[in-house]
Amino acid sequence: LLMAVAILILLAALFLGLPAIAIYMRTGDFWKVLDVRDAWDLVQRFGLGNYVVLYVLLMVFGFAAYAVGSALTWVGAAILGVFASAFTFKALSLFVNVKYPPPPPPPR
């Protein structure tokens with residue numbers, strides 16, 4: 001029972017933690033990780049329903065990748081973990097474009 005409660009608390013923390021990490025990745029400002037209002041504003045701009053779908057898809061993809069990886073050897077699990085992380089961070093970078101557009105490329 002305590003494990004189930006801990007998992008639910010973790011998923012609730014990640015619900016606003018993922019947007020906060022995405023904002024940090026885009027801005028480079030570490031203190032934005034602790035700004036819950038900014039993360040919630042990003043979720044609202046993206047749309048709560050759209051974000052819930054994105055969140056569930058990221059969870060399902062992550063769980064599936066780690067389940068397959070755990071059935072393989074350590075090397076296979078490490079490779080799948082890298083791909084799952086790359087997929088997650090690419091999705092977060094596209095998600096954060098709603099509020100923080102990507103910076104322009106440097107001049108040549």
Side-chain angles (χ1 to χ4, degrees):
L1 181 63
L2 288 176
M3 183 95 155
V5 171
I7 290 172
L8 288 176
I9 290 172
L10 173 69
L11 292 176
L14 281 176
F15 189 77
L16 286 178
L18 285 176
I21 290 171
I23 292 170
Y24 168 63
M25 286 186 334
R26 181 56 51 88
T27 63
D29 184 11
F30 177 74
W31 296 107
K32 293 273 189 180
V33 172
L34 302 175
D35 191 3
V36 176
R37 282 180 276 157
D38 199 23
W40 181 246
D41 183 49
L42 180 61
V43 169
Q44 286 180 330
R45 285 186 186 204
F46 189 68
L48 185 59
N50 292 334
Y51 180 66
V52 168
V53 169
L54 175 70
Y55 185 70
V56 169
L57 286 175
L58 287 176
M59 284 189 340
V60 168
F61 181 76
F63 287 147
Y66 290 117
V68 170
S70 68
L72 301 174
T73 61
W74 290 102
V75 175
I79 292 171
L80 279 175
V82 168
F83 283 119
S85 297
F87 177 77
T88 299
F89 285 118
K90 181 60 178 177
L92 288 179
S93 71
L94 294 174
F95 164 67
V96 80
N97 285 345
V98 172
K99 186 173 180 182
Y100 297 97
R108 292 184 180 232

Could you list the donor-acceptor pairs under 3.5 angstrom formed by side chains in residues 28-37, with sequence neighbours left out?
residue, atom, partner, partner atom, Å
Asp29, OD1, Trp31, N, 3.4
Asp35, OD1, Arg37, N, 3.4

- Query: Among pairs that include at least one residue of residues 18-27, which meet side-chain hydrogen bond (donor to acceptor under 3.5 Å, both in side chains), considering only residues two or more places apart or in two chains?
  - Reply: Arg26-Asn97

- Check: Leu92 and Met25 side chains under 4.5 Å, non-hydrogen atoms: yes

- Query: Taking a hydrophobic cluster as the set of Ile, Leu, Val, Met, Phe, Trp and Tyr residues connected by side-chain heavy atoms closer than 4.5 Å, whether directly or through intermediates, do Leu94 and Met59 fall within one such cluster?
  - Reply: no

Side chains of residues 44-58: which donor-acceptor pairs under 3.5 Å do they make with residues two or more places apart or in other chains?
residue, atom, partner, partner atom, Å
Arg45, NE, Asp41, OD2, 3.4
Asn50, ND2, Phe46, O, 3.2
Tyr51, OH, Phe15, O, 2.6
Tyr55, OH, Leu11, O, 2.5

Review item, side-chain donor-acceptor pairs of residues 81-90, under 3.5 Å, at least two apart:
residue, atom, partner, partner atom, Å
Ser85, OG, Gly81, O, 3.0
Thr88, OG1, Ala84, O, 2.9

- Item | Minimum heavy-atom distance Ala20-Ala39, with the two atoms named | N-CB, 4.0 Å

- Val60-Leu14 co-clustered via ILVMFWY side chain contacts under 4.5 Å: yes

- Task: Please go through Leu1's hydrophobic cluster and name the other residues, only I, L, V, M, F, W, Y counting, with side-chain heavy atoms under 4.5 Å joining them.
- Result: none

- Message: Through direct or indirect side-chain contacts below 4.5 angstrom among Ile, Leu, Val, Met, Phe, Trp and Tyr, which residues connect to Val5?
- Response: Ile9

